[in-house]
Amino acid sequence: MSDLAFEHGEEHPPHPFLQHHFEDLGQQHEASTLGMWAFLCTEILFFGGVLLAYWVYRIMYPAAWALGAEQQNTLAGGTNTLVLIVSSLTMALAVRSAQLNNRRGTVLMLILTLIFGTMFLGIKSYEYHAHWMEGLFPGAHWHWQPKDPAISALTPKVQLFMVFYWGLTGLHALHMVIGVGLLLYILARAWRGDFHAEYYAPVEVMGLYWHFVDIVWIFLFPFLYLIPHVGAHHVG
Amino acid sequence: MSDSLPPQGGHVHTPLHHVTPISTYLTVFAALAIGTLLTWYASTLDLGMMNTPIALLIAVIKATLVILFFMHVLHSTRLTWVVLIAAFLWLGVLFVLTFSDYLTRAWPIY
Amino acid sequence: MLIADFPLFPDQASTMASKVDNLYLFLIALCGTVSVGVFLTIFYFAIKYRRRPDNEIAEDYEPPKILEVTWIVIPSILFLGIFVWASWVYFQLARVPDNSLQIYATAKQWMWKFQHPTGQREINELHVPVNRPIKITMASEDVIHSLYFPAFRTKMDVLPNRYRTMWFQATKTGRYHIFCAEYCGTLHSGMVGWVDVMEPTAYQTWLAGGSEGSLASQGEKLFQKYACNTCHTNDASGRGPVLIGVYGSSVMLSDNTIVPADDNYIRESILNPQAKIVKGFGPPSVMPTFQGQVSEDDLLKLLAFVKSLGSTRTAAPAVASPQSSTTTAAAQTTKEPKKKP
Amino acid sequence: MTTTTLHDVRFIEPAKTRNYLNEDYGFFSWVLTRDHKRIAILYLISVTIMFMVGGFFAMMMRLELLTPEGDLLTSDTYNKFFTLHGIVMIFFFLIPSIPAVLGNFILPLQLGAKDLAFPRINLLSWYLYIIGASFGTYVIISGGVDTGWTFYTPFSTQYSNTHVFATTLGAFIVGFSSILTGLNFIVTTHRMRAPGLTWFRLPLNVWALYATSIVMLLATPVLGITLIMLMIERVLHVGIFDPALGGDPLLYQHMFWFYSHPAVYIMILPAMGVASDVIAAFTRKRIFGYKFVAFSSLAIAFLGFLVWAHHMFVAGISVYSAMIFAFLSFFVAVPSAIKVFNWTATMYRASVSWQTPMLYAMGFIGLFTIGGVTGLFLASLGLDVHVTDTYFVVAHFHYVMVGGAVMAYMAGLHYWWPKITGRMYPEWWARLAALLIFVGFNLTFFPQFILGYLGMPRRYHAYAPEFQVLNVLSTAGASVLAVGYALPLVYLLLSLKLGRPAGPNPWGAVGLEWTTSSPPPKENFHETPVVTWEAYDYRGMMKAMGETQNV
Ligand code: HEA
Ligand code: HEA
Ligand code: CUA
Ligand SMILES: [Cu+2]
């Protein structure tokens with residue numbers, strides 16, 4: 001049974017970023033991307049949980065949901081959607097540059113992604129500020145009332161809508177903030193010249209995360225800003 | 001590494017990665033931007049019961065584009081597909097079975 | 001089934017008890033056989049094939065693969081059977097018989113309040129006649145509770161802000177436990193009581209004892225106290241719809257949807273009038289919300305009153321509400337508990 | 001460096017070989033370690049402490065229930081005790097137990113890997129666990145929480161004035177620890193198998209851990225977000241789940257059980273994996289119907305997601321929906337049945353050793369079967385109406401969780417103890433403890449089935465006098481059980497010093513973990529192993545052993 005023994009021929013010295021428990025960079029790359037995908041599965045179910053609650057109440061209280069969406073700044077939300085899509089594009093290009101050994105391209109694209117990501121957060125905080133001032137923050141600070149007193153009965157339900165608004169966008173913004181932090185780290189490494197055609201998994205993984213956050217927003221925008229009054233025009 | 005062994009176990013030796021042409025990225029980007037405008041435009045129309053499904057459909061298409069091209073799933077291993085499909089399958093289970101209760105309750109609303 | 005000093009099997013005191021017990025005993029027989037079988041087989045193999053010097057190496061033998069199919073198919077068939085049987089029992093537990101005697105219950109931390117249509121109120125005690133289906137309409141004032149009658153093999157969670165109904169038909173006179181089965185805070189284990197199953201005559205005598213008038217008549221007083229009658233008059237002159245015949249009908253709402261006017265609808269109409277507005281009366285509805293002003297008990301009384309208007313509907317030809325066509329169609333769904341004979 | 005083979009039986013004092021335990025010393029070499037084996041030890045210590053805490057609450061409850069009146073504890077204290085018992089046992093003990101202790105240690109060894117794919121994330125998940133557990137401890141010290149481990153709304157959000165927030169935050173954080181463990185296991189299983197180790201050569205323990213990881217990854221986030229919503233509701237008093245403000249308490253229940261039913265499979269699947277490995281090793285046979293058993297793990301992981309509302313049959317879901325969930329509940333039992341029958345069939349014409357791990361494994365099969373079939377009672381709609389929220393449910397879940405999962409955990413702990421520590425435990429003491437646990441367990445929980453059918457509701461601090469006899473039996477059983485659990489604590493600790501050196505493969509078991517020395521070296525294997533044999537190839541091994549002996 002000595003054939004079980006495994007002869008380890010002397011090979012060239014290991015790559016500096018190869019962790020000791022992996023055989024080679026390929027294995028390490030596959031492990032990191034699979035890890036990120038698995039993490040994104042978790043994230044999908046994480047957001048899925050709130051979305052489930054959101055939909056249950058959206059079906060129960062369509063009028064309040066429509067009224068809630070009316071309070072949103074569609075221009076800001078739409079702009080942000082575009083901003084995020086652009087940042088996704090630049091992120092994808094950053095990965096591509098890394099794949100092609102293009103250090104300058106990688107750095108440039110990462111910086112652009114960073115700029116757009118921050119821009120998104122800026123616009124978002126502007127919206128948050130406006131909501132806060134209008135009393136659209138649920139809880140003790142809430143003091144918003146519909147202009148038409150006849151529909152004031154909808155107020156608690158609109159507050160519920162706003163819970164989901166703050167919850168969903170807040171969770172998304174939290175992901176963006178983490179994303180920006182990660183981007184800074186990746187940028188520093190790219191600057192240092194860590195990445196090249198054989199070792200760019202961190203950039204790729206960063207990209208997966210960033211695109212996922214973008215996808216979340218693709219859904220949040222219509223869910224929170226663009227709800228029509230289905231068959232319930234009388235309330236609005 | 002002894003070559004006589006099948007490349008089993010989790011060992012993948014060369015990073016064989018597809019490099020997507022810039023033109024593809026730009027096309028996808030354009031589609032996403034148009035999709036955004038389209039969602040917004042559709043929401044200003046009164047389509048009755050159809051508003052929500054249309055908004056959902058556009059969002060799903062946009063998300064699919066991002067997943068397939070920006071996230072390179074189109075050129076990824078079968079495993080990546082499986083992982084992704086699993087996540088959405090489970091999400092579907094969560095929604096479908098929960099709504100199996102809400103939609104058949106005599107009195108769903110308080 | 002009884003061992004002198006302590007029971008091993010609960011009283012069978014309702015029509016459903018034996019049905020549930022039969023299923024239970026069947027499952028014990030089936031699952032007991034399987035479990036004991038597995039236990040004995042393991043034990044037998046463990047002894048018979050225990051490791052000895054001549055048995056250091058297990059025999060090179062695999063049981064036939066067909067076994068695998070056997071123990072996938074046979075349990076599946078059995079499971080299907082159990083499922084059908086159990087669902088049949090569940091349906092019976094869920095379907096309230098038409099001729100039930102109506103009783104109202106309110107759960108609150110930590111007591112059960114029962115109200116009879118004739119006006120008697122009890123706390124943690126419930127008197128019911130034997131051999132008569134009893135329907136309990138209930139809601140909670142605070143958290144979730146669960147009304148449990150072990151001797152009748154039935155229980156149901158009581159939810160805040162929503163009416164639910166359960167039923168039973170006692171078959172044996174006696175005193176049986178009432179438990180709260182859903183954890184509800186400090187005195188959850190103290191939220192217990194007794195149900196007194198009585199002969200019909202004894203029940204009548206009990207009913208004759210003190211009462212503040214029937215539930216509906218108490219509701220009528222409240223109807224005046226809360227000034228409902230200023231808007232809900234008996235003719236179409238008031239600011240609100242005529243309530244005669246509303247209960248059990250189908251109501252056309254201002255968004256043209258039609259909803260059944262059941263317990264929960266009446267409840268919502270009082271607590272949150274804007275939620276469903278009768279066609280022709282808004283939006284917005286001029287009816288103020290009574291949320292926070294009417295207690296659960298009073299709500300039940302108002303409900304009983306509105307229901308009592310429903311039962312006289314056939315007698316009162318008044319146009320009930322602006323959409324009379326829908327009310328007539330649904331009139332036959334009105335199932336009113338019979339009044340005290 | 002020497003070559004290690006399957007049957008390399010050298011009995012070297014563990015302390016004298018270079019291994020993961022004596023590689024380096026000092027506090028920081030432990031709390032900052034990235035070695036999966038050391039992290040497993042960290043988990044072992046923390047989880048054992050939590051088990052003792054949970055056991056303490058259990059014993060106090062059992063003492064209170066000795067008499068019908070509420071005399072020992074006040075009702076509030078009792079409520080806090082069962083809540084803390086449930087939370088500690090489930091979130092801080094059972095869910096991490098087999099995966100994070102045994103899985104962490106054994107999985108890379110069984111895969112022939114040097115470590116888990118993400119060693120730093122592995123350490124992070126232990127820290128998350130500790131942070132979560134600290135919140136739990138804080139709650140215990142500062143006055144407790146009284147919602148029941150299920151945190152039902154609106155009680156938890158509007159009425160309870162105990163530490164609900166800190167508790168749910170703690171549970172939320174441990175949830176992430178469990179997600180990261182699952183993630184690590186999945187990636188490791190896919191990407192780090194040794195050359196030649198194909199999927200169908202994997203031990204069933206790996207299949208089970210893999211299936212568990214799927215559940216952890218996909219169910220836990222929903223619990224996380226549900227608890228966050230609960231916390232928001234509690235702080236802001238908005239109506240997410242509060243009916244008074246338009247929320248629906250049943251939505252909370254749906255979302256909670258979407259996690260918590262699959263969570264019971266997080267507890268039982270790894271137990272099944274351990275049982276499979278142990279049974280194969282102590283019968284010296286390949287598990288009968290290997291592929292069926294392997295795939296039934298995946299089937300349980302998937303089907304387990306489709307049945308959650310069987311906890312809500314009387315809660316107010318629609319009758320039709322109840323039927324769907326009941327129907328599916330029966331079908332999750334089919335893969336479990338496959339496993340039970342296949343384990344039994346494996347023992348046919350085997351070479352059964354009566355060593356402690358096997359005793360536990362046999363106990364596991366029997367008690368899990370009883371627990372499982374009583375689950376079928378509960379899935380039977382019309383019957384559940386009567387027994388839901390009674391002691392019948394309590395008995396059911398202790399049979400599966402204590403009789404099933406904890407038994408298997410004990411089996412695994414004894415089976416791999418020589419590998420973990422390099423020393424043998426004292427066999428006779430261990431057998432005695434196994435016997436005590438088996439007897440004590442049945443005495444504690446069997447009477448509870450009868451109590452439940454009689455109608456004794458759970459979470460009752462005082463009860464009707466006719467229930468007393470059975471409660472006394474149960475308390476008596478619990479005392480035996482406590483002694484049974486105290487024994488291993490003592491003899492396992494003593495064996496660290498006094499135990500006989502184990503050698504690499506004391507059981508003559510097949511599996512990569514047995515090809516390296518005990519305790520294993522820091523990098524697990526002296527050389528990357530190459531696998532050329534099937535899973536549980538006992539005949540092949542015996543043949544090889546015979547040959548070498550003849551040489
Ligand atoms: C490890 C944990 C674990 C496991 C594995 C299970 C397994 C199962 N459970 Fe259990 N359960 C719990 C832990 C667990 N449960 C807990 C903690 C609760 C209570 C939570 C609370 O409220 O606090 C609970 C509650 C619970 C309920 C709700 C009760 C109520 O509150 O009213 C139900 C209802 O359907 C149920 C069903 C089942 C079923 C059908 C299985 C199946 O998976 C069992 C499958 C296994 C078998 C069936 C045995 C092997 C099969 C054979 C040998 C086949 C031969 C048999 C025949 C042919 C009859 N469980
Ligand atoms: C993994 C999960 C797990 C485990 C292992 C246990 C173990 C035990 N459980 Fe528990 N139990 C639950 C999970 C678990 N339980 C859950 C989820 C609930 C529901 C909670 C709720 O309703 O919210 C529950 C509820 C519950 C109840 C019902 C309370 C009620 O509804 O009013 C009871 C009552 O008897 C009970 C008893 C026991 C006993 C006697 C043990 C014994 O097995 C424990 C034995 C262990 C020890 C004693 C510790 C080890 C011993 C030593 C280290 C020796 C030294 C210590 C002493 C001598 C004290 N448990
Ligand atoms: Cu009310 Cu428990
Ligand atoms: Cu369950």
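Just so we're on the same page: letters track the sequence lines, and every chain starts at 1. What you see is a predicted model, and the numbers here were worked out from it, not measured in a lab.
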*Asks:* Which atoms of D:Ala333 come close to chain C, meaning under 4.5 Å heavy atom to heavy atom: side chain ones, backbone ones, both, or neither?
*Replies:* both
*Asks:* Answer with side chain, backbone, both or neither: which region of C:Ile47 has an atom nearer than 4.5 Å to a non-hydrogen atom of chain D?
*Replies:* both
*Asks:* With a 4.5 angstrom heavy-atom cut-off, which part of C:Phe91 approaches chain D: side chain, backbone, both or neither?
*Replies:* side chain
*Asks:* Can you tell me how far CG of D:Leu383 sits from CG of C:Asn22, rounded to the nearest 0.5 angstrom?
*Replies:* 11.0 Å
*Asks:* Looking at C:Tyr183 and D:Asp146, would you say the former's side chain and the latter's main chain have a donor-acceptor pair under 3.5 Å?
*Replies:* yes
*Asks:* Could you check whether atom NZ of C:Lys65 has more than 12 heavy atoms from other residues, nucleotides or ligands sitting under 6.0 Å from it?
*Replies:* yes
*Asks:* Output the option from C:Pro63, C:Pro150, C:Ser35, C:Cys31 having the highest count of non-hydrogen pairs under 4.5 Å with chain D.
*Replies:* C:Pro63
*Asks:* Start with the C-alpha gap between C:Met166 and D:Val385, add the side-chain angles, then the distance that decides, and say whether side chain to side chain contact (heavy atoms under 4.5 Å, CB included) holds.
*Replies:* CA-CA 11 Å; C:Met166 71 190 289; D:Val385 172; over 6 Å; no
*Asks:* Under a 4.5 Å heavy-atom cutoff, which of C:Asp21, C:Asp11, C:Leu67 has the most pairs with chain D?
*Replies:* C:Asp21
*Asks:* Heavy-atom distance under 4.5 Å to chain C: side chain of D:Thr147, backbone, both or neither?
*Replies:* backbone
*Asks:* State yes or no: are the ring centers of C:Phe152 and D:His386 separated by less than 6.0 Å?
*Replies:* no
*Asks:* Of all the heavy-atom pairs spanning C:Pro160 and D:Pro243, show the shortest one and how long it is.
*Replies:* CG-CG, 3.4 Å
*Asks:* Please report the shortest heavy-atom distance between D:Leu454 and C:Pro10, naming the atom on each side.
*Replies:* CD2-N, 3.5 Å
*Asks:* Heavy-atom pairs under 4.5 Å with chain D are the metric here; pick the option from C:Val20, C:Val89, C:Thr186 that has the most.
*Replies:* C:Thr186
*Asks:* Please indicate whether D:Phe446 has more than 12 foreign heavy atoms, meaning atoms of other residues, nucleotides or ligands, lying under 6.0 Å from its CZ.
*Replies:* no
*Asks:* Drop me the distance from C:Ser189's OG to D:Met456's CE, to the nearest 0.5 angstrom.
*Replies:* 9.0 Å
*Asks:* For the residue pair D:Ser380 and C:Tyr90, establish whether any side-chain heavy-atom pair is separated by less than 4.5 Å.
*Replies:* no
*Asks:* Heavy-atom distance under 4.5 Å to chain D: side chain of C:Val84, backbone, both or neither?
*Replies:* neither
*Asks:* With no hydrogens and no angle check, is any side-chain donor or acceptor of D:Trp354 less than 3.5 Å from a backbone partner on C:Ala46?
*Replies:* yes
*Asks:* Between C:Tyr148 and chain D, with a heavy-atom cut-off of 4.5 Å, which part of the residue counts as in contact: side chain, backbone, both or neither?
*Replies:* side chain
*Asks:* Decide yes or no for C:Glu68 and D:Phe288: does some side-chain heavy atom of the first lie under 4.5 Å from some side-chain heavy atom of the second?
*Replies:* yes
*Asks:* Report which part of D:Tyr78 has an atom under 4.5 Å of a heavy atom belonging to chain C: side chain, backbone, both, or neither.
*Replies:* neither
*Asks:* Which atoms of C:Cys184 are under 4.5 Å from chain D, going by heavy atoms: the side chain, the backbone, both sets, or neither?
*Replies:* backbone
*Asks:* When heavy-atom pairs shorter than 4.5 Å are enumerated against chain D, which of C:Val36, C:Leu27, C:Leu23 gives the highest number?
*Replies:* C:Leu27
*Asks:* Where on C:Ala181 is there a heavy atom nearer than 4.5 Å to chain D: the side chain, the backbone, both, or neither?
*Replies:* both
*Asks:* Taking atom types as modelled, is there a side-chain donor on C:Asp142 or D:Gln158 under 3.5 Å from an acceptor on the other?
*Replies:* no
*Asks:* Under a 4.5 Å heavy-atom cutoff, which of C:Trp88, C:Phe83, C:Phe149 has the most pairs with chain D?
*Replies:* C:Phe83
*Asks:* Chain C heavy atoms under 4.5 Å from D:Phe155: which part of the residue, side chain, backbone, both or neither?
*Replies:* both
*Asks:* Need one label for C:Glu182: side chain, backbone, both or neither, based on atoms under 4.5 Å from any heavy atom in chain D.
*Replies:* both
*Asks:* Check whether C:Ile28 gets within reach of chain D through its side chain, its backbone, both or neither, counting any heavy atom under 4.5 Å.
*Replies:* both
*Asks:* Quick one: what part of D:Asn342 sits under 4.5 Å from any heavy atom of chain C, side chain, backbone, both or neither?
*Replies:* both
*Asks:* Do the side chain of C:Lys155 and the main chain of D:Thr388 share a donor and acceptor less than 3.5 angstrom apart?
*Replies:* yes
*Asks:* Identify which part of C:Tyr24 has an atom lying under 4.5 Å from any heavy atom of chain D, answering side chain, backbone, both or neither.
*Replies:* both
*Asks:* Quick one: what part of C:Arg50 sits under 4.5 Å from any heavy atom of chain D, side chain, backbone, both or neither?
*Replies:* both
*Asks:* List the steps, then state whether side chain to side chain contact (heavy atoms under 4.5 Å, CB included) holds for C:Leu80 with D:Phe330.
*Replies:* CA-CA 8 Å; C:Leu80 206 63; D:Phe330 281 103; over 6 Å; no
*Asks:* Just do the side chain to side chain contact (heavy atoms under 4.5 Å, CB included) check on C:Val38 and D:Ile365 with the steps written out, would you?
*Replies:* CA-CA 8 Å; C:Val38 168; D:Ile365 305 179; 4.0 Å; yes
*Asks:* Heavy-atom pairs under 4.5 Å with chain D - which of C:Phe39, C:Phe79, C:Trp71 has more of them than the others?
*Replies:* C:Trp71
*Asks:* With the side chain counted from C-beta on, respond yes when D:Met358 and C:Arg51 share a heavy-atom pair under 4.5 Å apart, and no when they do not.
*Replies:* no
*Asks:* Measure distances from D:Val340 to the heavy atoms of chain C and classify the residue's part below 4.5 Å as side chain, backbone, both or neither.
*Replies:* side chain
*Asks:* Non-hydrogen atoms of chain C under 4.5 Å away: do they reach the side chain of D:Phe341, the backbone, both or neither?
*Replies:* both
*Asks:* Which bit of D:Tyr538 comes within less than 4.5 Å of chain C, counting heavy atoms only: side chain, backbone, both or neither?
*Replies:* neither
*Asks:* Between D:Pro154 and C:Val143, which heavy-atom pair has the shortest distance, and what is it?
*Replies:* CG-CA, 4.0 Å
*Asks:* Is it the side chain or the backbone of D:Tyr463 that comes within 4.5 Å of chain C heavy atoms, both, or neither?
*Replies:* neither
*Asks:* Flag the one option from D:Lys80, D:Met323, D:Met312 with the top tally of heavy-atom pairs under 4.5 Å to chain C.
*Replies:* D:Met323
*Asks:* Between atom CG of C:Leu93 and atom CG of D:Leu381, what is the distance when rounded to the nearest 0.5 Å?
*Replies:* 10.0 Å
*Asks:* Identify which part of D:Phe82 has an atom lying under 4.5 Å from any heavy atom of chain C, answering side chain, backbone, both or neither.
*Replies:* side chain
*Asks:* Heavy atoms only: give me the nearest D:Ser75-C:Leu187 pair and the separation to one decimal.
*Replies:* OG-CD2, 3.8 Å
*Asks:* In Å, rounded to the nearest 0.5 Å, how long is the span from CE of D:Met347 to CZ of C:Phe43?
*Replies:* 10.0 Å
*Asks:* Look at the aromatic rings of C:His188 and D:Tyr460 and report parallel, tilted or perpendicular, splitting at 30° and 60°.
*Replies:* perpendicular
*Asks:* Where does D:Thr283 contact chain C at under 4.5 Å (heavy atoms): side chain, backbone, both or neither?
*Replies:* backbone
*Asks:* Measuring from atom OH of C:Tyr44 to atom OG1 of D:Thr344, what distance do you get when rounded to the nearest 0.5 angstrom?
*Replies:* 14.5 Å
